[in-house]
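Side chains included, hydrogens not; waters and symmetry mates left out as well; all remaining heavy atoms used.
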Amino acid sequence: MNQSRPAVDDEHAGVRIRAAKVEDIDSLMTMIASVTPGLTTLQLSRSQLLERIERSHFAFHRQSESHGGEPHVLVMEELATSRLVGTSTVYGKTGGYEPFYAYRLVTTIHHCPQLNLSGLVRRSLHLQRIYHGPTEIGSLFLLPEFRGRGRGRLLSLARFALLAQRPGRFADRVIAEMRGPCDAQGVSPFWEAVMRPFFIVDFPVADALSTVSKPFIEELMPPFPIPLELLPPSAREVIGRVHTETEPALALLEGEGFTATDMVDIFDGGPVIQCKTADIGAVRRCQKRVVAAIEPVGHGSSVIAATTREGFRAVLANVDSRGSQDEVVISPSCAEQLGVGLAGEVWCLAPKP
């Protein structure tokens with residue numbers, strides 16, 4: 001098989017998903033330099049990003065299938081140039097040595113007979129510390145010029161192919177912290193009203209630090225519930241809402257079975273959504289198949305085809321089942337991108353429900 005330059009055809013939308021490698025550090029640093037201010041989980045220093053990639057490399061290549069908390073970093077690679085154009089991450093579990101923090105939105109009903117008042121609805125934010133939490137998906141970014149042709153959906157759903165391949169690695173529930181509203185400079189109304197008085201620094205600084213170290217949260221976080229009535233309207237209005245750039249990602253995940261929770265992000269007030277792993281539509285649709293033949297596929301189903309080759313690989317491809325529920329026919333180009341041969345295993349996932 002020719003390894004000098006991968007075969008490229010329109011079948012793959014010109015891209016491939018694979019596990020990140022340590023050698024990707026420079027390309028990833030170049031790519032995330034264009035990340036908008038609100039996506040702070042990718043605003044990392046070189047040493048922070050390198051540590052995340054090294055932990056991811058260990059996660060993909062360790063032999064044990066036990067449930068751990070390592071990040072599994074995926075990158076999207078342009079086939080014609082080997083340029084990195086996107087990334088996303090699956091975190092094995094939230095919490096662990098450091099807890100996962102979120103605000104739980106609590107609603108209470110109050111009555112005051114002396115004032116002839118009843119049924120007063122009060123809402124407040126209560127800090128939650130979760131030590132043995134669910135799997136989390138996040139840190140998804142795709143360069144604007146590469147959006148379209150199913151690439152964003154591939155980048156997002158490839159994570160669920162990974163969950164289907166290695167169920168023992170992940171929790172029985174998956175959450176996603178959706179990015180909350182902020183302006184073009186990364187200023188969050190929620191942060192300015194609720195957190196800045198306690199943390200002093202700007203929102204991007206604190207949120208980026210929280211991805212690599214959390215003790216400062218415990219030291220500076222207000223320990224008491226925060227009544228929403230004390231917040232300005234600009235802060236109350238964004239609680240549980242997503243950034244406009246995050247709306248497509250939210251719609252995709254809702255289409256796969258994710259639903260709202262009563263928790264929001266402690267820094268920008270964005271919603272935390274969840275789904276049982278076994279109930280995620282993409283996980284349920286992802287099925288293991290054996291490669292029965294490698295030949296041109298004139299007619300077939302369009303799927304996300306994934307393997308465990310070098311940790312993980314996935315492409316958009318046309319496959320033909322030829323009437324068998326356990327076998328598929330894939331094209332030579334698909335076989336090359338996935339690094340599989342005859343009798344190899346592939347996981348096939350329909351991109352849409």
Is a salt bridge present between E145 and R83, judged by a nitrogen-to-oxygen distance below 4.0 Å? yes
Note, L74 side chain near T89 side chain (heavy atom, < 4.5 Å): no
Can any side-chain N or O of R173 pair as donor or acceptor with the backbone N or O of Q274 at less than 3.5 Å? no
For T244, all residues meeting side chain to side chain contact (heavy atoms under 4.5 Å, CB included), sequence neighbours excluded: E247
Under 3.5 Å, side chain of T246 to main-chain N/O of M178, donor-acceptor pair present? no
What I'd like to find out is whether the side chain of I137 reaches to under 4.5 Å of the side chain of F258, using heavy atoms alone. yes
Run the side-chain donor-acceptor check on residues 218-227: report pairs under 3.5 Å with partners two or more places apart or on a different chain.
unit_1: E218; atom_1: OE1; unit_2: Y101; atom_2: OH; d: 2.5
unit_1: E218; atom_1: OE1; unit_2: R129; atom_2: NE; d: 3.1
unit_1: E218; atom_1: OE2; unit_2: R129; atom_2: NE; d: 3.0
unit_1: E218; atom_1: OE2; unit_2: R129; atom_2: NH2; d: 2.9

With a 3.5 Å distance limit and no angle check, can you tell me whether Q48 reaches the backbone of S45 through a side-chain donor-acceptor pair? yes
Distance-only donor-acceptor pairs under 3.5 Å for side chains of residues 339-353, two or more places apart:
none

Not counting sequence neighbours, which residues clear side chain to side chain contact (heavy atoms under 4.5 Å, CB included) with E23? List them please. K21
So, does E78 use its side chain to make a donor-acceptor pair with the main chain of V15 at under 3.5 Å? no
For R169, the salt bridge (charged side-chain N to carboxylate O under 4.0 Å, His left out) test, sequence neighbours excluded, returns E65
Greater than 12 external heavy atoms within 6.0 Å of H132's NE2: no
Co-members of the apolar cluster containing V329 [side chain, <4.5 Å]: V297
For a quick test of your reading: what N or O donor-acceptor pairs under 3.5 Å do the side chains of residues 197-204 make, sequence neighbours left out?
unit_1: D202; atom_1: OD1; unit_2: R196; atom_2: NH2; d: 2.5

Do I304 and V315 have side chains that approach each other closer than 4.5 Å (heavy atoms only, starting at C-beta)? no
Applying side chain to side chain contact (heavy atoms under 4.5 Å, CB included), can you list everything that pairs with H61, at least two apart in sequence or on another chain? H57
CA sep, side-chain torsions, deciding dist, call: S331, S333, side-chain hydrogen bond (donor to acceptor under 3.5 Å, both in side chains): CA-CA 5 Å; S331 70; S333 176; 4.9 Å; no
Taking only residues two or more places apart in sequence or in another chain, which ones pass side chain to side chain contact (heavy atoms under 4.5 Å, CB included) with S56? F60, V73
Sidechain-backbone polar pair: H111 side chain, G119 backbone, donor-acceptor under 3.5 Å: yes
Before accepting this row, confirm whether a basic side-chain N of the pair R16/E336 lies closer than 4.0 Å to the acidic partner's carboxylate O. no
Could you walk me through whether H72 and F170 pass the ring pair (Phe, Tyr, Trp, His ring centres under 6.0 Å) check? CA-CA 11 Å; H72 296 70; F170 306 102; 5.0 Å; yes
With side-chain hydrogen bond (donor to acceptor under 3.5 Å, both in side chains) as the test, would you mind laying out the steps for S139 and Y91 before giving the verdict? CA-CA 10 Å; S139 303; Y91 301 90; 2.9 Å; yes
Taking only residues two or more places apart in sequence or in another chain, which ones pass salt bridge (charged side-chain N to carboxylate O under 4.0 Å, His left out) with R18? D24, E77
Table please: side-chain donor-acceptor pairs of residues 286-293 below 3.5 Å, with sequence neighbours left out.
unit_1: Q287; atom_1: NE2; unit_2: R284; atom_2: O; d: 2.9
unit_1: R289; atom_1: NE; unit_2: Q325; atom_2: O; d: 2.7
unit_1: R289; atom_1: NH1; unit_2: Q325; atom_2: O; d: 3.1
unit_1: R289; atom_1: NH2; unit_2: Q325; atom_2: O; d: 3.2

I'd like to know if the side chain of T277 reaches the main chain of A171, judged simply by a donor and an acceptor atom lying under 3.5 Å from each other, with no hydrogens or angles considered. yes
Treating T135 as the side-chain partner and G92 as the backbone partner, does any N or O pair qualify as donor plus acceptor under 3.5 Å? yes
Show me the pairs that pass salt bridge (Lys or Arg N to Asp or Glu O under 4.0 Å) and involve residues 113-127, at least two apart or across chains. none
Under 4.0 Å between a side-chain nitrogen and a carboxylate oxygen: does that hold for R179 and D265? no
Look at the side chain of R159 and the backbone N and O of S156, then say whether any donor-acceptor pair between them is shorter than 3.5 Å. yes
